[in-house]
Structures are given as C-alpha cells and as structure tokens.
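Reading through the structure tokens given below for one structure.
Computed from a predicted structure; not experimentally measured. Order of appearance sets the numbers: ligands from 1, and atoms from 1 within every ligand.
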Amino acid sequence: MSSPPIHWYPGHIAKSERQLKHHLDKIDLIIEVRDARIPLATGHPHINRWLKGKQHLLVINRCDMVTTAAREAWERWFRARGQRAVWCDAKAGAGVKRVQQTAIRAGNQLNERRRNRKMRPRPVRALALGFPNVGKSTLINRLAKQKVVASARRAGVTRTLRWVRLGRELDLLDAPGILPPYLDDQQAALYLALCDDIGQAAYDGELVARAFLQLLIGSQKRDASGITISVLETRYGIPVAEKTRDPAYWLQAAAARHTSGNTTRMAQRLLDDFRKSALGSIALELPELRGA
Ligand code: G4P
C-alpha cells in the first residue's frame with residue numbers, strides 16, 4: 001500500500017502498559033487473546049517479556065468469523081510449533097467453558113505446588129491480555145456470566161486495570177488493550193486497521209478500504225480464506241469486471257450508487273460491513289499467505 005505508514009500508540013495505552021508492569025509479579029497465568037481473522041498480526045511481539053515465569057494460555061477468539069478450513073490450517077500451524085490454542089466465539093459463548101477449564105487446570109498445578117510447600121490453596125490469578133478489540137471484555141463477561149467490564153467494537157475502550165473474581169478458582173485482571181509502540185510490519189498494521197484494532201485517526205479509511213478491495217479481488221482461489229468475490233456484486237450491485245478490478249474504480253462506482261458519490265462514506269460502509277461479517281467469513285491471514 002503506497003500510503004503514509006500506519007502508526008498508533010496513544011497515551012492511554014502507554015500508561016496502562018506501565019500500570020500493567022506493576023501487577024505482573026502477582027500473575028500466575030496470562031490468557032493471551034487473539035483475533036481468528038489475524039492470529040499473527042494480533043500477537044504482541046514482546047509477549048515473551050510479559051510471560052516470564054508464568055503459564056500461557058493462547059485463546060483465539062472470533063472463531064465464528066473465519067471458515068473451518070482457516071481454523072484447521074491455523075490449528076495445524078500452531079500445533080507444529082508446539083503451541084495449543086483454545087478457539088472461541090466469546091460473543092456466542094462457544095469455547096468459553098474450555099478457556100475456563102484450561103485456566104483452572106493451570107491453577108490446579110499451582111495449588112499442587114503450594115500444597116507441597118504447606119501453603120493454602122488460592123485462586124489462580126490470570127491476566128487477560130491482547131490487542132484492542134480482539135474480544136477480551138466479551139470473553140471476561142462470558143467467563144463471569146455477567147457484564148463486569150465494558151465492551152465495544154472500538155479500539156481502546158477498556159482503559160483501567162481491574163480484578164474480577166470468577167468463581168472460587170479464578171481471579172482475572174482485566175487489562176486494557178495493548179499494542180507494540182511501533183508497528184514495524186505494515187501489512188500487519190493494515191490488518192489491524194481493517195479489524196478496527198487501532199484507532200481510526202491512525203489511517204486513511206479510503207486507502208485501507210482500497211487495500212481491502214485489492215485483497216478481495218486478488219485472492220479468488222484461496223478457499224480457506226472464505227473470500228467470495230461475488231459478494232461485491234450481490235451486496236453492492238457492482239461486479240468486479242475488467243475496469244472495476246481497479247479498487248479505486250470499484251469504490252467510485254459503488255459510491256456513485258450508494259453514497260451520492262462520496263467515496264469516504266462508501267469506504268466506511270465497506271469496512272463496517274467486513275467488521276460485522278456482512279461480507280461472509282473472511283480470514284485475512286492464513287499460514288501460507290503470511291509465509292509463516
Ligand atoms: P476488547 O475488550 O478486546 O477491546 O473487545 P470487546 O470484548 O469489547 O469486543 C469488541 C466487539 O467485538 C463487541 O462488539 C463484541 O460483541 C464483539 N466480539 C467479541 N468477541 C466476539 C466473537 O467471538 N465473535 C464476534 N462475532 N464478535 C465478537 P460490539 O459491536 O461493540 O457490541 P455488540 O455487538 O456486542 O453489541
């Protein structure tokens with residue numbers, strides 16, 4: 001994408017990261033939440049610093065937003081790297097019980113060690129960590145079986161750190177979304193923008209929408225990604241023909257039809273539709289596509 005680099009590291013994220021460091025020594029388990037549409041781009045490059053001496057539970061959320069083939073491809077990829085991920089759809093609640101059981105199992109190991117040292121058992125202290133908008137708050141509310149933290153489809157909504165008691169066996173620290181200070185990988189930054197994981201001020205919506213169109217138009221043969229190019233015609237009435245293979249041209253044609261020629265509003269509509277899954281299941285990242 002030939003556009004200014006996407007960069008987003010607002011003050012409140014820097015501040016909460018500093019606060020988080022003070023709590024780290026109290027944590028037994030880190031529940032790292034990623035987005036199934038972009039499981040690599042939502043992996044924090046410095047996670048190992050936070051993990052030091054703690055157990056790690058990798059949760060891939062939003063599994064309802066990708067195809068089964070994409071999920072299986074990622075499962076194989078993680079397994080080959082000795083990592084097991086728990087997949088869930090925090091919105092509908094699928095897989096949430098497994099997250100809880102796996103976290104409690106980690107606590108059992110901890111309490112085994114405590115008992116051996118003649119110490120009283122205690123709930124496992126977990127930290128839910130992940131990029132903004134991956135679904136942490138929704139997952140915590142599901143685990144708590146009630147709304148204990150605010151959730152919204154907007155980057156940077158969870159801002160303060162708070163302990164939440166989840167039954168007798170699990171205490172969870174609800175942390176704000178974290179991000180690396182520099183988004184070195186601009187392809188990943190584009191995916192984060194598409195999935196609304198970074199603030200809108202960080203990018204030009206129209207350029208991001210065009211890059212998204214390019215991605216749709218260019219990836220017709222990748223079944224696992226779930227992309228069906230015909231959705232551009234069925235939903236917006238503008239087929240991808242010879243001329244409209246050019247994303248700028250398609251956007252103009254769609255804007256002429258739906259937003260009185262306003263391409264900015266049309267770009268926003270396209271992005272919103274993708275984010276709501278109105279264009280179907282779309283895995284932006286697949287192991288083979290990221291050279292992973
Ligand atoms: P965060 O704490 O990581 O920032 O994310 P949060 O839980 O606030 O979730 C952001 C949005 O994503 C919410 O939508 C939430 O419902 C949705 N979401 C979370 N997990 C999943 C999932 O597994 N699948 C799907 N499809 N959506 C998920 P919202 O539009 O803000 O609210 P609403 O739709 O719940 O009203």
Checklist outcome for this item: Min over M65, R275, K136, R37 of heavy-atom distance to atom 1 (P) of ligand 1 lands on K136
Item to check | Shortest heavy-atom approach to atom 23 (O) of ligand 1 - which of P132, S137, A90, C63 | outcome: A90
Checklist entry - Quick one: are V96 and L143 in side-chain contact, heavy atoms under 4.5 Å? => result yes
Item to check | Sequence neighbours excluded, every pair satisfying side-chain hydrogen bond (donor to acceptor under 3.5 Å, both in side chains) that has a member inside residues 106-128 | outcome: D28-R122
Next on the checklist: Given G177, G135, A128, identify the one with the heavy atom nearest to atom 5 (O) of ligand 1.
Outcome noted: G135
Checklist entry - Centres of the W250 and Y236 rings: under 6.0 Å? => result yes
Item to check | With E75 via salt bridge (charged side-chain N to carboxylate O under 4.0 Å, His left out) - residues at least two apart | outcome: R71
Checklist outcome for this item: Looking at D197, N61, T138, I140, the heavy atom closest to atom 15 (C) of ligand 1 belongs to T138
Checklist entry - How are the rings of W77 and W74 set to each other: parallel, tilted or perpendicular (split at 30° and 60°)? => result perpendicular
Checklist outcome for this item: Candidates D64, V134, L139, V96; heavy atom nearest atom 24 (N) of ligand 1 found on D64
